[in-house]
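Residue numbers start at 1 and run along the sequence shown. Remember, predicted model here, so these are calculated numbers, not experimental data.
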Amino acid sequence: MGSSAHAQYKVRGTVYDSSRLYPLDAVTVLSTSGKGALTDLNGNYEIDVTEKDSIWFSYLGKPTIKFPVLKMNDPLHFDISLHINIMVLKGVTVMPRNYRLDSIQNRIDYAKIFNYERPKLRPTMGGGAGGVGVGFDLDEIVRMFQFRKNKNMLRFQERLLQQEQDKFIDHRFNKQLVRRLTNLTGQELDSFMVLYRPSYQFTLASSDYEFQSYIKICFGYFQKTEAKKEKAF
């Protein structure tokens, strides 16, 4: 794999459940040099390593042993199965709502509100018998004095923008993902969703790895909090 101690390589592969039939997504892949990755919906991963590195896998807080890169027969096809059984519901197909299409349609339906701007005095150029003159747009002047209408439009715009941001958070921070990463169900899952709902700014800016790492870290805090509650009783 090369002689340079600082040379960078890639390890690729697929993570399966114990039957080796079903790929696992959202599995954390870590290296001893501090790099990290997540498996995608097809269980595939790719992580940067050095020849002195080892990698290991973690799912639902349970890590595997470490695998030295130098001992891998084929680092570009390093597949692994975890001791996890996936329950498969046959004959049931659920088509999730498409967040992107819903968002685009919402923008179309409320284009007038989303594109609304506070009235401003805009100079206009006009020509007359005396030559070119500078004036102001009369329509904008009229709009400026429609205080109630302007205020209502701005409030409606703010409400639509807030709803759009909330829907985006719901799209990424959804129960299916959180359940898969934490194994929480029922009331505990509901409480976690409320307590650790991320901000719009973080949800927008974070990568999939950062976002799912956030959920796993919060789950650690949640477990400690629940343990303290049990001790109190």
Report yes if some heavy atom in the side chain of [X] is under 4.5 Å from a heavy atom in the side chain of [Y]; otherwise report no.
X    : Y    : result
V178 : Y196 : no
V11  : F67  : no
R20  : D79  : yes
I47  : K10  : no
L24  : L82  : yes
T182 : F222 : no
K66  : T32  : yes
Q162 : K167 : no

### Check: Y22 ring centroid to Y16 ring centroid under 6.0 Å
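Judged by ring-centre distance (under 6.0 Å), Y22 and Y16 do not meet the cut-off.
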
### Query
Below 4.0 angstrom, N of the basic side chain to O of the carboxylate: do R172 and D208 qualify?
yes

### Message
My understanding is that only residues two or more places apart in sequence, or in another chain, count here; which of them pass ring pair (Phe, Tyr, Trp, His ring centres under 6.0 Å) with Y214?
### Response
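Per chain and number, Y214 pairs via ring pair (Phe, Tyr, Trp, His ring centres under 6.0 Å) with F202.
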
#### Entry: Steps toward ring-ring contact (aromatic ring centres under 6.0 Å, His included) verdict (F57, Y45)
CA-CA 11 Å; F57 304 83; Y45 72 91; 5.4 Å; yes

### Task
Could you list the residues that satisfy side-chain contact (heavy atoms from CB on, under 4.5 Å) with D170, not counting sequence neighbours?
R197

#### Entry: Short side-chain to backbone donor-acceptor contact, N174 and Q176, under 3.5 Å
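Checked: pair present.
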
### Query
Which pair of non-hydrogen atoms, one from F192 and one from I215, has the smallest distance, and what is that distance?
CZ-O, 3.7 Å

### Task
Please report the shortest heavy-atom distance between G36 and L30, naming the atom on each side.
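Scanning both residues completely, I find the closest heavy atoms to be CA-CD2, 4.0 Å.
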
### Atom OH of Y221 with >12 non-hydrogen neighbours under 6.0 angstrom
no

### Task
Flag yes if more than 12 heavy atoms outside L21 fall under 6.0 Å of its CG atom; otherwise flag no.
yes

### Message
For H77 and T14: C-alpha separation, side-chain torsions, deciding distance, then whether side chain to side chain contact (heavy atoms under 4.5 Å, CB included) applies.
### Response
CA-CA 8 Å; H77 297 88; T14 306; over 6 Å; no

## Note on the structure
When rounded to the nearest 0.5 Å, the distance separating CD1 of I55 from CD1 of I80 is 7.5 Å

